Amino acid sequence: MAGQPSGSGVVLLLGLFLLSSAGANSENAFCFRCHRMETLGYLDPETGELVSLFVDPVAFGRSNHRELSCVDCHDPGFGEYPHPSSLQAERLDCRNCHQENQELAEYRFPELIEEFQASVHVRKLGDRFSCFSCHEPHLFRVTRQEPNVQRVVETDNGICLSCHASPITFRALTDREFPELIRSHRWLPNAQLHWRHVRCVECHTPHTERLSHRILPAEEAEQNCVACHSRNSILLTKLYRHRTQEARERLGFVNSVILNDAYLVGATRNLLLDRLSVVLFGLTVLGLGLHGMGRWLARRRQGGR
Amino acid sequence: MARAAPTRRTVIRLYLYPLWLRLWHWSNAVLFLVLILTGISMHYADLTSPWVPFRVARVLHNLAGILLALLYLGFLIGNAVSGNWRYYVPPCRGLFRGVRKQLHYYLVGIFRGEPHPFHPSERSKFNPLQQVAYLVVMYVLMPLLVGTGVLLLFPEWAPERVLGWGGVWPMAVAHSGVAFLLTLFLVAHLYLATTGERVAENFCAMVRGWHEVAAAEEADDGKDALLDPKALEPSDR
């Protein structure tokens with residue numbers, strides 16, 4: 001069968017391809033031999049808490065950092081086992097890679113760091129709060145790469161709730177009384193509905209085209225309903241388009257057109273126009289009613305004659 | 001062929017509304033009612049006492065809107081093929097005089113028992129006021145309503161920004177505004193339909209297709225009655 005590759009040739013080529021593309025993954029495999037164990041951890045002698053050293057290899061494989069080797073971020077000394085004890089005090093900083101990397105310029109890190117420094121978290125917690133407090137680098141995935149909006153909301157709100165819904169984690173960081181979310185959001189109509197469909201950061205950051213990292217204190221967070229449920233709503237402009245396109249991919253063309261749920265209640269409303277329309281409708285009905293009554297009376301009079 | 005011979009009551013029957021037109025008209029009417037009801041429910045959405053539950057209103061509105069857009073496309077094609085479009089073209093001369101005359105009839109003459117100033121014929125089945133109103137409704141407001149509705153279903157086609165606002169919002173407001181104007185038109189249209197010789201006359205005509213014109217009146221008022229004896233044949237164009 002001249003001209004056709006043999007079966008063993010195909011296997012060999014495939015093997016060479018896999019080896020050449022494995023790169024960081026094969027280096028990481030060494031680390032994952034231990035760190036894929038969910039029970040791997042140690043007891044912190046200072047706090048007495050159990051610190052997990054588990055990294056989910058599947059989730060890491062989906063993260064934005066999947067192309068990196070573990071020792072690209074961690075000290076190369078961690079490439080050896082047992083790890084040198086001198087590395088225990090290692091402190092990682094995202095800025096080492098992100099601030100200088102021109103490929104990541106679109107994320108505008110200098111601006112982002114300024115916002116972060118002004119956030120309520122850093123102002124109140126100082127060094128105890130870092131990028132890693134919210135972004136787990138082994139799992140981190142840029143929001144815009146996630147096609148399902150519902151999952152984006154769940155993931156992003158999950159970050160906030162990991163502290164704000166857990167009295168234990170919350171008290172580990174602050175001495176403040178643990179605020180119950182239901183109570184602090186009592187002013188918000190249909191709070192549960194909002195939490196399922198809107199990210200915490202939509203209201204708890206200033207309104208900017210790009211999501212700000214300046215998390216606002218509760219008293220400065222948006223409490224004005226018409227900021228979203230109004231004309232020119234940033235939520236409407238950004239989310240509406242995204243949701244409709246996402247629904248089309250998820251449901252198929254016909255179903256998405258009929259079943260799409262991108263409608264933002266109240267976003268088309270304007271108090272003046274609403275009142276004007278009621279008045280105009282009332283006047284029209286009244287005018288026609290009077291006209292009809294006039295016709296009826298006129299006909300009776302003419303019939304009488 | 002011609003079935004328009006005057007009856008014993010000297011009434012001429014004109015076949016003005018062919019089957020396709022009547023089917024379009026009544027389907028359009030039902031869809032409009034569904035769209036108004038669901039549209040108001042969504043615009044004034046209130047979770048505690050909705051007219052139509054939000055989830056139902058949303059799907060119904062989308063579905064009825066798509067059907068209405070398809071029907072409008074059908075109307076345009078039917079109009080072009082059958083020649084029905086000619087009724088919407090206003091005359092070059094005498095339009096304003098005609099509109100004034102019809103308005104005078106509605107505001108004054110109707111209370112004095114005066115006859116209708118215009119009678120429908122196969123050549124001109126709309127009075128001048130209807131002609132202007134239907135022209136605006138069918139060829140200005142309806143395309144705007146359908147166009148903005150389509151852009152709300154496909155927001156990626158809407159411009160990024162319109163006059164400094166995010167592009168979706170002006171589409172949504174234009175959609176609501178035009179829908180409101182058409183709702184007013186519907187109310188006025190329903191009322192004015194009762195101003196025939198009998199209250200139900202025009203409704204019956206739109207169901208059966210035949211319009212009755214009193215022959216005696218036509219003779220008295222020949223100048224304004226645009227009745228064309230040649231055009232008294234039924235047609236399903």
Side-chain angles (χ1 to χ4, degrees), chain A residues 189-190 193 209 229-245 247-248 253-270 273-274 276-278 280-299 301-303 305, chain B residues 39-40 42-48 54-55 57-67 106-107 109-113 150 152-158 160-177 179-181 183-188 190-192 194-195 199:
Chain A
N190 302 301
L193 193 66
E209 284 287 323
H229 296 275
S230 74
R231 68 178 189 175
N232 207 22
S233 154
I234 291 173
L235 205 54
L236 180 69
T237 306
K238 282 157 64 175
L239 196 64
Y240 187 90
R241 283 176 211 264
H242 187 87
R243 280 210 83 126
T244 312
Q245 286 170 359
R248 205 161 298 144
F253 183 80
V254 175
N255 282 340
S256 73
V257 169
I258 295 169
L259 300 173
N260 90 74
D261 58 353
Y263 188 85
L264 186 61
V265 178
T268 59
R269 288 187 68 173
N270 175 295
L273 284 180
D274 280 357
L276 192 69
S277 63
V278 170
L280 274 176
F281 187 81
L283 284 177
T284 304
V285 172
L286 183 71
L288 294 178
L290 289 174
H291 193 275
M293 195 180 290
R295 273 169 62 202
W296 181 68
L297 288 172
R299 184 158 290 206
R301 205 177 54 233
Q302 285 153 17
R305 271 205 307 265
Chain B
I40 290 174
M42 291 200 296
H43 184 80
Y44 296 100
D46 180 353
L47 290 172
T48 52
F54 187 78
R55 281 177 186 281
R58 181 169 53 77
V59 175
L60 264 183
H61 199 82
N62 286 345
L63 200 61
I66 293 163
L67 288 177
Y106 283 141
L107 294 175
I110 198 168
F111 300 113
R112 294 178 180 163
V150 167
L152 287 176
L153 285 178
F154 299 93
E156 65 269 32
W157 296 344
E160 276 292 319
R161 299 198 82 72
V162 177
L163 300 174
W165 287 311
V168 178
W169 180 77
M171 298 304 139
V173 172
H175 190 72
S176 319
F180 173 71
L181 292 178
T183 307
L184 286 190
F185 165 78
L186 177 69
V187 174
L190 276 172
Y191 174 75
L192 291 175
T194 66
T195 60
V199 169

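First the proteins, then the strands, lettered A, B, ... as listed; each starts at 1. These numbers come from a predicted model, not from an experiment.
- Of the listed residues Gly65(B), Gly113(B), Gly177(B), the one with more heavy-atom pairs under 4.5 angstrom with chain A than any other is Gly113(B).
- By the side-chain contact (heavy atoms from CB on, under 4.5 Å) test, Ile40(B) pairs with Ile36(B), Tyr44(B), Trp51(B), sequence neighbours left out.
- Taking the side chain as every heavy atom from C-beta outward, Leu273(A) and Phe180(B) never approach each other to under 4.5 Å.
- Nearest heavy atoms, Thr195(B) versus Arg295(A): CG2-NH1, 3.4 Å.
- Among residues two or more places apart in sequence or in another chain, the ring pair (Phe, Tyr, Trp, His ring centres under 6.0 Å) test is passed with His175(B) by none.
- One N or O on the side chain of Tyr191(B) and one on the backbone of Gly292(A) form a donor-acceptor pair closer than 3.5 Å.
- Of the listed residues Val285(A), Leu297(A), Leu280(A), the one with more heavy-atom pairs under 4.5 angstrom with chain B than any other is Leu280(A).
- Put simply, the side chain of His291(A) gets close to the backbone of Tyr106(B): a donor and an acceptor are under 3.5 Å apart.
- Residue Thr284(A) touches chain B through its side chain alone, counting heavy-atom pairs closer than 4.5 Å.
- When all heavy atoms of Arg112(B) and Gln302(A) are compared, the closest pair comes out as C-NE2, 3.2 Å.
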